[in-house]
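All of these numbers come straight from a predicted model, not from anything done at the bench.
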Amino acid sequence: MADGPLTGRVAAITGASSGIGEATAAALSRAGATVALAARRRDRLEALADRLEGPASVHEVDLSDDAAARSFVEAAYADHGALHILINNAGVMLLGPVSGADISEWRRMVDVNLWALLVCTHTALPLIERSGGGDIVNLSSVAGRRADAGAAVYNMTKFGVHGFSEALRQEALHAGIRVTIVAPGFVETELQGHNRNPVVKRSMDRAREDIGEVLSADDVADAVMHALTLPAHVCVNEVVVRPTRQAR
């Protein structure tokens with residue numbers, strides 16, 4: 001395989017067993033990167049690694065466990081001799097009203113959407129600097145830019161990702177590390193299936209019908225690749241990508 005724009009780069013990707021994480025891993029591998037894949041479903045990760053065009057390592061990880069999240073990032077560096085890219089992709093979307101909510105679902109969203117991202121980033125920063133600089137890409141959502149009834153806690157986690165990422169960008173630039181937020185609109189992934197609330201499901205079905213053709217995971221992976229393959233002196237701070245017919 002000919003050298004690609006990410007040849008020689010090592011990337012750690014969370015939530016790589018499906019959806020945007022899986023598509024991003026494939027895109028980075030095609031571009032020449034070595035990828036370390038993290039998720040809870042080892043079988044899915046192994047199947048993905050077998051399909052990739054370049055080197056990959058598989059890490060079965062529950063990212064809500066601090067020690068496991070930290071160990072994943074450290075292992076990516078140790079296994080491949082460097083770390084240049086961290087893709088904080090793992091996320092959970094559990095929607096519904098605040099009143100009467102199952103607060104264990106809130107804890108799960110905070111643990112995965114925010115806390116795991118913080119732990120992975122904290123671990124990766126010195127390793128990326130030691131490797132000569134690179135990129136941190138945080139997958140957020142348009143829900144991090146506007147709030148809606150029925151999504152209050154999900155909104156909170158994604159607004160948090162946006163605020164953290166901008167402050168981190170200002171700190172990390174001194175180490176040659178770019179920080180980019182990628183905020184998709186409606187994407188056809190397993191994320192919608194996390195919701196069991198029938199009202200939420202009907203609302204999602206109506207939104208999909210109104211939009212028509214929604215984004216694919218590959219569409220979002222293309223946005224990630226755009227940010228990663230720009231010249232080193234160019235940092236795209238935020239990419240918002242929606243289906244053309246998504247109004248909000």
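- One hydrophobic cluster, built from ILVMFWY side chains closer than 4.5 Å, cannot hold both Leu114 and Val137; they sit in different ones.
- Results of the side chain to side chain donor-acceptor pair (under 3.5 Å) test with Ser165 over Thr180, Asn138, Asn237 single out Asn138 as the only residue that passes.
- Under the 4.5 Å side-chain criterion, counting only non-hydrogen atoms from C-beta, Leu95 is in contact with Tyr154.
- Of the possible donor and acceptor atoms, one in the side chain of Thr14 sits under 3.5 Å from a partner among the backbone N and O of Asn89.
- Under a 4.0 Å N-O distance rule, the pair Arg41/Glu46 does not qualify as a salt bridge.
- Looking at Arg40 and Asp62, no side-chain N of the basic residue comes within less than 4.0 Å of a carboxylate O on the acidic one, giving no salt bridge.
- Summarising the geometry, atom NE2 belonging to His59 is positioned 7.0 Å from atom CG belonging to Leu37; distances are rounded to the nearest 0.5 Å.
- No donor-acceptor pair under 3.5 Å is formed between the side chain of Asn88 and the backbone N or O of Cys120.
- Contact annotation: the side chain of Arg9 approaches that of Ile85 to within less than 4.5 Å [non-hydrogen atoms, C-beta and beyond].
- Residues Leu118 and Leu125 are members of one and the same hydrophobic cluster, defined by side-chain heavy-atom contacts under 4.5 angstrom among Ile, Leu, Val, Met, Phe, Trp and Tyr.
- At least one side-chain heavy atom of Leu28 sits less than 4.5 Å from a side-chain heavy atom of Met225.
- Remark: Arg146 is not positioned above the aromatic ring of Phe159, lacking an NZ or CZ atom under 6.0 angstrom from the ring centre and at most 45 degrees off the axis.
- By the 4.0 Å N-to-carboxylate-O rule, Arg108 lies too far from Glu105 to be salt-bridged with it.
- Side-chain heavy atoms closer than 4.5 Å link hydrophobic residues (I, L, V, M, F, W, Y) into clusters, and following such links, possibly through other members, connects Ile87 to Val182.
- Annotation: side chain of Ser17 is not in contact with side chain of Glu22 (no heavy-atom distance under 4.5 Å).
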